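Not measured: the values here are computed from a predicted model. Lettering of chains follows the sequences in order, A, B, ..., and the numbering in each one begins at 1.
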2 protein chains.
Amino acid sequence: MENGDAFDPNCPTRLILDRIGDKWSVLVVLSLREGPRRFTELRDAIGGVTPKVLTQTLRAMEHDGLLTREVFAEVPPRVEYTLTPLGQSLHAPIRSVTEWAERNVHAVLAARAAHAG
Amino acid sequence: MENGDAFDPNCPTRLILDRIGDKWSVLVVLSLREGPRRFTELRDAIGGVTPKVLTQTLRAMEHDGLLTREVFAEVPPRVEYTLTPLGQSLHAPIRSVTEWAERNVHAVLAARAAHAG
DNA sequence: CAGAATCCGGTTTGATACTG
DNA sequence: CAGTATCAAACCGGATTCTG
């Protein structure tokens, strides 16, 4: 079936949604879409993320094959994060969601306001 | 700018991502895309969701103008949930994400396995 | 049937400070 | 620079029970 499987808790699609649906992964993909970035660059680009959480996010994404982590033996140390082809392929779907968000955010906010919320 | 704003914690895009990035909203949109559904139908269609959480999700989505809630004064009571045009417009972006997930789930799982995860 | 209310544990998140 | 350690808080979410 086309998407009924997404409703099965054991369906792998759920795994992906849980992963990329997290607060920071989407921002990381967007931040890396134009090339490699260092840890601090990512932290600064993504507002409001603490080092710990950013590390968790990056590790998880590396674990899932979405990006690679490269350590340069330099002083001062340098670590670069780069999207894999798999990670890059995620950019298009993410874009379609963020574009929807940008186009419709006022409609959502209007609905909230109308609800006295 | 095209998406730099998404990195501002106060950016409305973040609000949307936080909302539709939750565990169940996506499934609700998919469940409702072919027409109205009753509460129990939704609960049964979406595996693993408790009434409380489903109610929370539906209320939040109603609040945001993504769906409407219609109560019929019958016995037994009947409540139908229907996507608004706004909610329906969310279907396409969601599809593009779930399609990515379905296409690439094995790649992700392979990466996890390769990582001894 | 469609929820509301309550209770409660566990994961997630975060601020802060510290280290190689 | 690139994280880690520690601790506390928030929140999510589940089970259960109850009601109109």
Quiz item: What is the minimum heavy-atom distance between B:Ser89 and A:Trp100, and which atoms define it?
Solution: OG-NE1, 2.8 Å

Exercise. Measure from CZ on A:Arg19 to P on C:dT11 and round the result to the nearest Å.
Key: 16 Å

Practice problem: Considering non-hydrogen atoms only, spot the tightest contact between A:Asp64 and A:Leu86 and give its length. | Solution: O-CD2, 3.8 Å

Practice problem: Mind checking salt bridge (Lys or Arg N to Asp or Glu O under 4.0 Å) for B:Glu70 and listing every partner two or more places apart, or none if nothing turns up? | Solution: none

Self-check item: Non-hydrogen atoms of B:His91 and B:Val29 that approach each other most closely
Solution: CA-CG1, 4.2 Å

Heteroatom pairs (N/O) under 3.5 angstrom, protein to nucleotides 10-15 of chain D:
{"residue": "D:dG13", "atom": "N7", "partner": "B:Lys52", "partner atom": "NZ", "Å": "3.2"}
{"residue": "D:dG13", "atom": "O6", "partner": "B:Lys52", "partner atom": "NZ", "Å": "3.4"}
{"residue": "D:dG14", "atom": "O6", "partner": "B:Lys52", "partner atom": "NZ", "Å": "2.1"}

Quiz item: So among B:Leu90, B:Ile16, B:Ile20, which one has a side-chain contact (heavy atoms from CB on, under 4.5 Å) with A:Val108?
Solution: B:Ile16

Self-check item: B:Arg78/B:Glu80 salt bridge by N-O under 4.0 Å criterion
Solution: yes

Quiz item: Can you name the closest pair of heavy atoms from A:Pro51 and A:Phe39 and give their distance?
Solution: O-CZ, 3.8 Å

Exercise. Grab the two heavy atoms, one from A:Ser96 and one from B:Pro93, that are nearest each other, plus how far apart they are.
Key: OG-CA, 3.4 Å

Any protein N or O atoms within reach of nucleotides 1-3 of chain D? Criterion: under 3.5 Å, listing atom names and distances.
{"residue": "D:dC1", "atom": "O3'", "partner": "A:Arg38", "partner atom": "NH2", "Å": "3.0"}
{"residue": "D:dC1", "atom": "O3'", "partner": "A:Pro77", "partner atom": "O", "Å": "3.2"}
{"residue": "D:dA2", "atom": "OP1", "partner": "A:Arg38", "partner atom": "NE", "Å": "2.8"}
{"residue": "D:dA2", "atom": "OP1", "partner": "A:Arg38", "partner atom": "NH2", "Å": "3.2"}
{"residue": "D:dA2", "atom": "OP1", "partner": "A:Val79", "partner atom": "N", "Å": "3.2"}
{"residue": "D:dA2", "atom": "OP2", "partner": "A:Thr40", "partner atom": "N", "Å": "3.1"}
{"residue": "D:dA2", "atom": "OP2", "partner": "A:Thr40", "partner atom": "OG1", "Å": "2.6"}
{"residue": "D:dG3", "atom": "OP1", "partner": "A:Arg69", "partner atom": "NE", "Å": "3.3"}
{"residue": "D:dG3", "atom": "OP1", "partner": "A:Arg69", "partner atom": "NH2", "Å": "2.5"}
{"residue": "D:dG3", "atom": "OP2", "partner": "A:Tyr81", "partner atom": "OH", "Å": "2.6"}

